Structures are given as structure tokens and as C-alpha cells.
Protein chains: 2
Amino acid sequence: MASASIPSNPADLLRAAGIKVTPGRVRVLQALHGARQPLCHGEMEAQLGVDGEAAMDRVTLYRILDSLVACGLALKAVDTRGVFRFSAAGAQRQHANHIHFRCTDCGGVFCLKAEPPPPPTLPEGFRLRRAEFDVCGTCDRCSGDTTPLVPR
Amino acid sequence: MASASIPSNPADLLRAAGIKVTPGRVRVLQALHGARQPLCHGEMEAQLGVDGEAAMDRVTLYRILDSLVACGLALKAVDTRGVFRFSAAGAQRQHANHIHFRCTDCGGVFCLKAEPPPPPTLPEGFRLRRAEFDVCGTCDRCSGDTTPLVPR
DNA sequence: CCACAAATGCAACAATGTTGCGTTTGTGGC
DNA sequence: GCCACAAACGCAACATTGTTGCATTTGTGG
Ligand SMILES: [Mn+2]
Ligand SMILES: [Mn+2]
Ligand SMILES: [Zn+2]
Ligand SMILES: [Zn+2]
């Protein structure tokens, strides 16, 4: 079965997206796919360091993330602290039909059962880019005692 | 009619909130009430300068804003660029029963006719702090031609 | 294998926000 | 009205996050 279906490994994804396949991009895309929640720049730097590989230049990482966002392989959003967080674009699609809860203490993101609300009708000439129901508060672990998991 | 009802001028609000009434806080709270959309730190600095009054120290402004948030007189949120924006707490209530559209080009915020979606039911132990329907894209002025109002 | 555009590494810069500390000021108690 | 004192302020320095310029290296189509 040598099907030419949806590519899955980072290199193929990069090729399919039409941007150069560089070691840095492969590593970053791999890290994004392996992450269980959107990562900020600092977390990515740390994450990339654990592999024992050489640390990546800060600016290069920023530019790689931008290039992934530009070609649609990654998504960029801002968290409540005002920091940009990145996620693999594919990972979002499986989360398209329910809403999420974000814990403002530990930063964790939890899937809820509820469907996303329908996008509102806009005035003439307005163009909708994104409509997201942002639900946040404290999760069960962080609500009970006073010690959050990730103080930071 | 010397009623002791809801205070409305900045000084009374500050007194009622239990924090010291300083000229800086009065000016900032006044600016927040006069604003038609949440202001970031830089916009507030500019806004405060127009009165012909002496410019306020950057750090003092940050601390005043924090104190207003801490006592509940102001609200702090982060915009899509990752910048904190502040609004008078009272000003929110008149916008509580409809949702808003944010133009990602010019930064403008527009009131829509639609009602906010009901908050979802959460798993056991979770505590809801805020549920906001974030609807963004480009407004009529910014959608048509290619020149946004506030390029920045 | 080559040419060349794209990507990278490094240094410097920019925007936003925070901390420390000495000085000034608003406020409750008298 | 005056005093004491905690709170707020002004200033300098610092921290974090993100960007720009430019010379060097590298991936890729031909
Ligand atoms: Mn999900
Ligand atoms: Mn409104
Ligand atoms: Zn939590
Ligand atoms: Zn606009």
C-alpha cells in the first residue's frame, strides 16, 4: 500500500507545504506535534534542548515558527499572560467540534463536551477570520488547594 | 436629594473601593471611563498627555492600572498582539448583553446585535472565571482597500 | 554538480512590563 | 488643623519577549 495520501511525517509536511526542509524546521514541527498543549517560545527552546541536540538560535526559532504559521502548518495564538503560543495545525482539526477550557493557574487546556457556538452574522463589509469561545478559570486540581501545578 | 447611592465620579469610586485617592488615579480612572475601547499602556500615556497635564511616570501608570484592577475598578485583558488592555469595570456592564467584533487591522471594537453564548457546564471541581466569545476579522473599512487605518 | 534564493547565526535593537529603593503624600486618629 | 505612618510615587536599572540588519551557510531545482 504505497498510497500518496495525507503526509504525516514532518519532512513530508514541509515539502507538501512548499517550504524548504531544514533540520530546524523538522525538529520544531516534531516538537509541536508531540506537544499536548500550545507551546510558547521559551518552552520550545527547552523542549528542543532535551533531545541532546545542539540548542537552536533564538531568532532562528522565532523565524521557523513564523514560517510554519505562514505556510499553515502551525497556529499562533496569544495566552492570558500576553505570550504567543504555537501549535501544530493538524492537531487543531481533531478539536474543531468542541470547545476548550483553559486553566489560568496551571495553563492546562481541557476538552469540554459542548459544541462551539455558531459564528454571529456580521454587518455589511465585515469579514470574519476567527470566532473562538474563550472559556477560562481554574481546573479541579488548581481550584481545590492553593498550590498551582506550574507556578511560574 | 442627597442620596448615598452608587458613586459615579472617579474620586468617589476610589474612596468606595477603599484605596487612596491620588491625582494620578483620578486621571487614569477618568481616562478609562472616557475611552470607547480598552486602552493599552501606551495609548493611556498618550491620552493623559493631551490634557496639557504633566506626563505621568511609566512605572507609576503601570502601578495605578494594577491597583485599579486589584480593587475591581478596572479590567485587564490581553489583545491579539499580546498587549494588555485596560477598561473601566463599570463600562463593561453596558456591553454585557451583546458580543463584540474586533478588527485585527485597525484594532477597532464593534458592538454586534447577537447575544453572548451561554457558558458551558464544566466538569466537577472546575471553576469558571470568564467565558468570552472572541470574534475577530476585518471591519468594513479595512476589508475593502488594502490600507488599514492604523498601520502600526 | 552549480547557482542562487532561502534559511541561519549573531549582534544589536525595540516594545512591554517589573523590581528596588529613597522620597513624597494621602489619610485616620488626635 | 497636625502628626505619624503606610501607601503611593519617581527614577534607575533590569527582565522578558519579540524584531531587524547583515554576512554566511545550505537546500533545491535544473
Ligand atoms: Mn479538544
Ligand atoms: Mn458593546
Ligand atoms: Zn489548572
Ligand atoms: Zn478595521
Side-chain angles (χ1 to χ4, degrees), chain A residues 9-29 38-49 53-71 73-86 107 150-152, chain B residues 9-29 38-49 53-71 73-86 107 150-152:
Chain A
N9 69 318
D12 286 346
L13 285 168
L14 291 167
R15 243 183 303 275
I19 63 172
K20 285 188 181 177
V21 181
T22 69
R25 283 175 177 168
V26 171
R27 281 170 68 197
V28 169
L29 194 50
L39 301 176
C40 66
H41 181 271
E43 288 164 352
M44 297 229 51
E45 258 187 320
Q47 181 74 23
L48 295 173
E53 307 237 7
M56 179 173 297
D57 179 72
R58 263 171 43 80
V59 178
T60 299
L61 177 52
Y62 273 115
R63 290 202 268 232
I64 286 177
L65 289 169
D66 280 345
S67 73
L68 294 180
V69 171
C71 75
L73 288 177
L75 298 175
K76 181 181 187 176
V78 67
D79 73 8
T80 41
R81 294 207 330 274
V83 175
F84 291 122
R85 292 186 169 271
F86 300 85
V150 182
R152 192 174 189 178
Chain B
N9 68 319
D12 285 346
L13 285 168
L14 291 167
R15 242 183 302 276
I19 64 173
K20 284 188 181 176
V21 180
T22 70
R25 282 176 176 165
V26 170
R27 280 171 67 197
V28 170
L29 194 50
L39 302 176
C40 68
H41 181 270
E43 290 164 352
M44 297 229 50
E45 259 188 318
Q47 181 74 23
L48 295 174
E53 308 239 5
M56 180 173 296
D57 181 71
R58 262 171 44 79
V59 178
T60 299
L61 177 53
Y62 273 115
R63 290 203 267 232
I64 284 177
L65 288 168
D66 279 346
S67 72
L68 294 180
V69 171
C71 74
L73 289 177
L75 298 176
K76 182 181 187 175
V78 67
D79 72 10
T80 41
R81 295 206 329 274
V83 176
F84 291 121
R85 291 187 169 271
F86 299 85
V150 182
R152 198 180 186 175

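Predicted, not measured: the structure shown is a model, and the values here were computed from it. Proteins get letters first, then strands, A, B, ... in listed order; numbering begins at 1 in each.
- With rounding to the nearest 0.5 Å, the separation of CG in B:D79 from CZ in B:R85 is 4.5 Å.
- Rounding to whole angstrom units, CZ of residue B:R85 and C1' of C:dT16 are separated by 13 Å.
- Listed nucleotides: D:dT19, D:dC11, D:dT17. Nearest to the side chain of A:V59: D:dT19.
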Practice problem: Determine, for nucleotides 24-30 of chain C in 5'-to-3' order, which nucleotides have protein heavy atoms under 4.0 Å from the base (write B), from only the sugar-phosphate (write S), or from neither (write -). | Solution: --BS---
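- Listed by chain and number, the residues in a side chain to side chain contact (heavy atoms under 4.5 Å, CB included) with A:D66 are A:K76 (sequence neighbours excluded).
- When the C1' atom of C:dT8 is taken as reference, atom CZ of A:R25 falls 10 Å away, rounded to whole Å.
- Projected onto DNA chain C by closest heavy-atom contact, A:A55 and B:H41 fall at different nucleotides, the more 5' of which corresponds to A:A55.
- Residues meeting the side chain to side chain contact (heavy atoms under 4.5 Å, CB included) test with B:R58, sequence neighbours left out: B:H41, B:E45, B:Y62.
- The two residues A:V83 and A:C40 have their closest heavy-atom pair at CG1-CB, 3.6 Å.
- Fit an axis to the five pairs at each end of the helix from C:dC1-D:dG30 to C:dC30-D:dG1 and the two axes sit 50° apart, to the nearest 10 degrees.
- If you take CE of A:M56 and P of D:dT26, they are 14 Å apart, rounded to a whole angstrom.
- Taking all atoms of both residues into account, the shortest heavy-atom contact from B:L14 to B:L68 is CD2-CD2, 3.7 Å.
- Rounded to whole angstrom, the span from the CD atom of B:E45 across to the P atom of D:dG10 amounts to 12 Å.
- With rounding to whole Å, A:L61 atom CG is found 13 Å from D:dT17 atom P.
- Taking atom CG of B:D79 as the reference point, atom C1' of C:dA15 lies 13 Å away to the nearest angstrom.
- Rounded to an integer number of Å, the gap from CG of A:D57 to P of C:dA12 is 14 Å.
- Within the model, atoms CG of B:L73 and CG of B:L65 stand 12.0 Å from one another, a figure rounded to the nearest 0.5 Å.
- A:D57 CG to A:L61 CG: the interatomic distance, rounded to the nearest 0.5 Å, is 9.0 Å.
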Do any side-chain atoms of residues 17-28 of chain B form donor-acceptor pairs under 3.5 angstrom with protein atoms, and if so which ones, sequence neighbours left out?
from  : atom 1 : to    : atom 2 : distance (Å)
B:T22 : OG1    : B:R25 : N      : 3.2
B:R25 : NE     : B:S67 : OG     : 3.3
B:R25 : NH1    : B:K20 : O      : 2.9
B:R27 : NH1    : B:A54 : O      : 3.4
B:R27 : NH2    : B:L48 : O      : 3.4
B:R27 : NH2    : B:A54 : O      : 3.1

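- Heavy atoms of B:R58 sit under 4.0 angstrom from at least one base atom.
- Residues satisfying the salt bridge (charged side-chain N to carboxylate O under 4.0 Å, His left out) criterion with B:R15, sequence neighbours excluded, are B:D12.
- As rounded to whole Å, 12 Å separates atom C1' of C:dT18 from atom CZ of B:F84.
- Within residues 63-70 of chain B, the residues that place at least one heavy atom under 4.0 Å from DNA chain C are, in residue-number order, B:R63.
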